[in-house]
Amino acid sequence: MKRTHTCGELSTKHLGETTTLCGWVDTVRDHGGIIFIDLRDRYGITQVVCDPDDSAAATEIAKSTRSEYVIQVKGAVRARPADMVNKRLATGDIEVVGTEVTVLNTSRTPPFPLDEDKASKVHEELRLESRYLDLRRPSVQRGLILRHKMAISVRKYMDSLDFVEVETPILTKSTPEGARDYLVPNRVTPGTFYALPQAPQQYKQLLMVGGMDRYFQLARCFRDEDLRADRQPEFTQIDVEMSFVDAEDLYGVIDGLLASVMESSGHPRPELPLPRMSWHEAMERFGSDKPDLRFGWELQDLGGVFADTDFKVFGKVLQGGGVIKAINCKGLAGVPIRQIDEWTELAKTHGMGGLAFIRVQEDGTWKSPIVKFFSETEIEALRGKLDIETGDLVLFAAESAKNVNPFLGKLRLEGAHLAGIIPKDAFKFTWVTEFPLFEETDGGRLVSMHHPFTSPLPEDVPLLETDPGKTRAVAYDIVLNGVELGSGSIRIHDPVQQGKMFDLLRVSAEEKESRFGHLLKALAYGAPPHGGIALGFDRLALLMAGGKTIRDVIAFPKNHKGIDLMMDAPSTVDAKQLHDVHIQLDLPPVLED
RNA sequence: GGGGUCUUAGCUCAAUUGGUUAGAGCGCCGGCCUGUCACGCCGGAGGUUGCGGGUUCAAGUCCCGUAGAUCCCGCCA
């Protein structure tokens with residue numbers, strides 16, 4: 001046995017016991033005679049003392065050790081003198097008297113400091129190049145352990161509700177809609193390709209047709225799109241599908257799931273059921289389909305206030321069927337004019353003529369280019385509706401609701417960040433329900449907002465014939481702190497209705513057959529009513545860990561361009577490998593010096 | 001595909017208006033030190049200022065290009 005204890009478990013309970021510890025040298029403090037070594041492993045840090053009076057040989061070896069050497073130390077556990085207890089260490093009451101020290105491995109000097117304060121300031125690029133060293137930091141290990149705890153809690157909870165985890169293929173069929181696929185050439189049939197799954201969408205529906213009733217999976221998914229701080233080319237979803245349910249049943253299951261995950265991550269259990277609002281309400285009140293409910297500043301409709309206004313700009317918009325809305329950015333009256341200019345530019349890109357505002361100055365007067373056009377009644381109505389006080393900045397938008405809401409939603413978030421009013425330790429969940437079934441492309445074509453298997457809201461089915469653009473879907477997102485955690489829907493289980501859906505989406509008969517033939521066929525063999533959801537597991541872990549980027553909760557993440565800096569992947573391959581899979585390269589020309 | 005920011009010692013950063021031999025802290029190496037825990041003290045090594053070109057008597061600093069990183073927009077049913 002190389003060790004009897006870990007570096008995190010010894011305490012005054014072990015006084016006098018002879019122990020053997022293994023770990024990495026965190027720091028060495030050499031006092032000329034006596035030497036202290038902080039020995040570190042995943043479990044903690046234990047101080048080892050080597051004294052030439054106890055063992056000259058051990059002290060000599062201790063003297064030769066350096067940071068990140070791997071050593072084994074044998075010795076007795078001893079209480080520290082009362083005034084030398086280290087309260088910052090879990091093992092700070094004791095120390096191990098090193099009487100036998102063995103160097104198990106030496107180490108080159110690390111390319112960046114591994115202690116927490118300094119490492120967190122080092123360029124991430126450098127840390128990712130040597131991720132195996134970065135992983136030695138307790139904070140990184142905590143992230144991975146948290147992720148593990150979450151995964152365990154998901155599996156336990158889902159199992160307790162009779163869900164079965166089923167693995168679905170990684171080598172699958174390319175589906176051109178949605179994200180770009182990662183392709184895998186097929187050696188056996190030249191010219192054909194597998195695709196890596198963007199999500200196990202069709203498989204999980206087919207599992208329902210197969211009578212599995214309740215399925216889940218911690219599923220790896222792959223999307224070949226440009227990345228963001230919260231996006232990786234490969235990621236993990238908690239994928240869920242259930243038979244014989246309506247949306248209500250699903251909310252219940254996921255509410256409980258999220259509550260267990262919160263608990264397993266050391267956070268308070270949220271009150272259930274989690275709040276809900278319709279997509280329409282979210283857009284009207286928060287200007288976003290993923291509202292951040294950690295603060296107020298809701299969008300206020302001022303159509304009533306300005307119904308008979310003399311202010312021509314507002315009057316014209318109202319007459320044209322547009323809306324006047326505003327938000328009150330509490331305490332932001334002092335923002336530099338430069339900021340308002342920037343927001344005015346943003347307003348123009350959102351289809352607005354400009355951005356009207358009121359800054360409420362110290363003396364209570366309103367500084368604004370438009371207030372002079374308002375009547376006394378309008379001013380008083382404004383003050384009441386928006387709760388306008390000294391120090392406030394009120395921002396107005398007047399245009400179509402379709403443009404105004406997202407624009408003010410954006411300002412609401414930016415302003416709140418500027419004002420620093422978003423509580424850091426709050427967890428505000430909400431369901432956003434009744435998403436539109438379709439969205440319109442620039443060309444006026446309808447495309448699925450969620451995916452083409454999404455069921456329309458029963459009472460909106462007649463709209464499919466008359467005004468399909470207005471149809472709402474039984475589709476929902478679960479949102480936490482303004483982040484979309486997951487998205488799902490009740491599916492269409494009737495092949496005739498599914499066929500109609502493809503018609504509305506103008507999917508040709510050939511496409512229908514080649515891409516979705518298997519699904520349509522399966523639906524025709526007694527598909528049960530079913531629905532599900534997929535939650536972004538990495539994103540959830542990030543929020544639970546309170547980290548900054550999704551890379552904090554992934555052991556071996558890829559950088560912004562999808563490159564694994566440690567493995568140096570992707571890379572070129574041998575001509576023979578290409579030949580085997582019938583691939584010929586057609587590379588863009590390289591500029592010569 | 002587009003935009004912002006960044007690149008100086010192993011790491012984090014500094015270097016006035018373009019002006020002497022490019023500095024500091026940490027780390028590293030050596031020496032001293034028997035109760036430290038950010039140990040302390042003394043000494044030392046370490047630089048193609050990302051790369052290429054240009055302007056200038058003179059470029060880390062200004063200009064052009066390029067590479068890499070990072071954040072955002074587009075994209076992500």
Side-chain angles (χ1 to χ4, degrees), chain A residues 26-40 45-54 56 59 63 66-68 78 80-89 91-92 95 97 107-130 133 175-181 198-199 201-202 221-233 235 342 345-346 349 410 414 435 437-439 441-442 446-454 473 475 484 487 489 501 505 507 515 534 536 548-549 551 559-561 563 565 590-593:
Chain A
D26 203 60
T27 52
V28 185
R29 293 180 294 280
D30 181 349
H31 284 255
I34 195 168
I35 294 174
F36 299 95
I37 292 178
D38 283 346
L39 194 62
R40 184 197 70 235
I45 286 180
T46 300
Q47 174 166 283
V48 173
V49 193
C50 292
D51 190 325
D53 298 342
D54 295 318
T59 309
K63 197 180 174 67
R66 295 290 180 271
S67 284
E68 301 310 313
R78 177 166 80 187
R80 295 198 194 188
D83 55 336
M84 286 161 200
V85 164
N86 186 342
K87 292 212 162 57
R88 293 184 358 213
L89 281 186
T91 62
E95 60 194 6
V97 184
S107 171
R108 291 170 61 184
T109 302
F112 58 90
L114 296 187
D115 69 290
E116 290 293 351
D117 293 354
K118 287 175 193 148
S120 58
K121 288 178 189 141
V122 172
H123 283 174
E124 197 181 15
E125 174 192 4
L126 193 69
R127 301 204 318 258
L128 291 183
E129 274 171 15
S130 311
L133 294 179
T175 53
E177 58 281 316
R180 197 174 295 114
D181 284 322
Q198 298 173 25
Q201 183 58 37
Q202 294 191 39
C221 305
F222 308 84
R223 291 178 191 175
D224 184 9
E225 294 293 346
D226 288 339
L227 305 177
R228 289 287 185 280
D230 63 350
R231 242 193 262 161
Q232 284 272 305
F235 58 98
E342 202 179 291
E345 282 309 304
L346 191 69
T349 67
K410 220 174 257 184
E414 280 193 26
F435 269 67
L437 188 55
F438 305 107
E439 55 190 340
T441 62
D442 294 337
L446 294 179
V447 295
S448 293
M449 194 141 172
H450 185 54
H451 57 55
F453 320 117
T454 305
E484 180 199 318
S487 192
S489 63
M501 188 61 60
L505 293 167
V507 176
R515 286 196 215 155
K548 265 194 93 175
T549 93
R551 299 183 288 271
N559 77 355
H560 197 236
K561 292 212 168 127
I563 294 169
L565 291 169
V590 179
L591 292 174
E592 303 291 337
D593 293 333

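Letters go in sequence order (proteins before strands), and every chain restarts at 1.
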Can you check whether [X] has a side-chain N or O nearer than 4.0 Å to OP1 or OP2 of [N]?
{"X": "A:Arg29", "N": "B:rC39", "answer": "yes"}
{"X": "A:Arg228", "N": "B:rC73", "answer": "yes"}
{"X": "A:Arg66", "N": "B:rC29", "answer": "yes"}
{"X": "A:Asn86", "N": "B:rU36", "answer": "no"}

Side chain of [X] (C-beta onward), nearest among [options]:
{"X": "A:Ile563", "options": "B:rC76, B:rC11, B:rA69", "answer": "B:rA69"}
{"X": "A:Glu125", "options": "B:rC75, B:rG35, B:rA69", "answer": "B:rA69"}
{"X": "A:Asp226", "options": "B:rC75, B:rC71, B:rC11", "answer": "B:rC75"}
{"X": "A:Glu95", "options": "B:rC76, B:rC28, B:rU36", "answer": "B:rU36"}
{"X": "A:Gln47", "options": "B:rU36, B:rA69, B:rC71", "answer": "B:rU36"}
{"X": "A:Ser67", "options": "B:rU70, B:rG35, B:rC28", "answer": "B:rC28"}
{"X": "A:Pro111", "options": "B:rU70, B:rG10, B:rG30", "answer": "B:rG10"}
{"X": "A:Pro113", "options": "B:rC28, B:rC76, B:rC11", "answer": "B:rC11"}
{"X": "A:Arg78", "options": "B:rG35, B:rC11, B:rA38", "answer": "B:rG35"}
{"X": "A:Lys561", "options": "B:rA69, B:rU34, B:rC75", "answer": "B:rA69"}

Could you tell me whether [X] contacts a base, only the sugar-phosphate backbone, or nothing, with contacts defined as non-hydrogen atoms closer than 4.0 Å?
{"X": "A:Arg551", "answer": "sugar-phosphate"}
{"X": "A:Asp117", "answer": "nothing"}
{"X": "A:Leu126", "answer": "sugar-phosphate"}

remark   = Between A:Pro452 and A:Met501, the two heavy atoms sitting closest are O-CG, 3.4 Å

In whole angstrom, what separates [X]'s [atom1] from [N]'s [atom2]?
{"X": "A:His31", "N": "B:rG31", "atom1": "NE2", "atom2": "P", "value": "17 Å"}
{"X": "A:Asp230", "N": "B:rC73", "atom1": "CG", "atom2": "P", "value": "9 Å"}
{"X": "A:Asp30", "N": "B:rC37", "atom1": "CG", "atom2": "P", "value": "14 Å"}
{"X": "A:Leu114", "N": "B:rG27", "atom1": "CG", "atom2": "C1'", "value": "11 Å"}
{"X": "A:Asp83", "N": "B:rU36", "atom1": "CG", "atom2": "P", "value": "8 Å"}
{"X": "A:Glu345", "N": "B:rC72", "atom1": "CD", "atom2": "P", "value": "22 Å"}
{"X": "A:Lys63", "N": "B:rU34", "atom1": "NZ", "atom2": "P", "value": "10 Å"}
{"X": "A:Arg231", "N": "B:rC72", "atom1": "CZ", "atom2": "C1'", "value": "11 Å"}

Please give the nucleotide sitting opposite [N] as a Watson-Crick or G-U wobble pair, both distances under 3.5 Å, or none.
{"N": "B:rG74", "result": "none"}
{"N": "B:rU17", "result": "none"}
{"N": "B:rG40", "result": "B:rC32"}
{"N": "B:rC62", "result": "B:rG54"}
{"N": "B:rG27", "result": "none"}

For [Y], does its backbone N or O pair with a side-chain atom of [X] as donor and acceptor, under 3.5 Å?
{"X": "A:His451", "Y": "A:Phe453", "answer": "yes"}
{"X": "A:Thr91", "Y": "A:Ile45", "answer": "yes"}
{"X": "A:Arg231", "Y": "A:Asp226", "answer": "yes"}
{"X": "A:Arg78", "Y": "A:Glu95", "answer": "no"}

remark   = salt bridge (charged side-chain N to carboxylate O under 4.0 Å, His left out) filter on A:Arg127, not counting sequence neighbours, yields A:Asp134

key: ring centroid sep under 5.5 Å plus plane angle under 30, A:Phe36 with B:rU36   = yes

task = Return yes if the base of B:rC76 and the side-chain atoms of A:Arg223 contain a donor-acceptor N/O pair under 3.5 Å, otherwise no.
result = no

query = Does a distance-only test, which skips hydrogens and angles, find a donor-acceptor pair under 3.5 Å between the side chain of A:Arg127 and the base of B:rC11?
reply = no

message = Salt bridge check, A:Lys548 against A:Glu124: does any charged N sit closer than 4.0 Å to a carboxylate O?
response = no

ask   = Which residue lies toward the 5' end of RNA chain B, A:Thr109 or A:Asp38, if each is placed at its nearest nucleotide?
value = A:Thr109

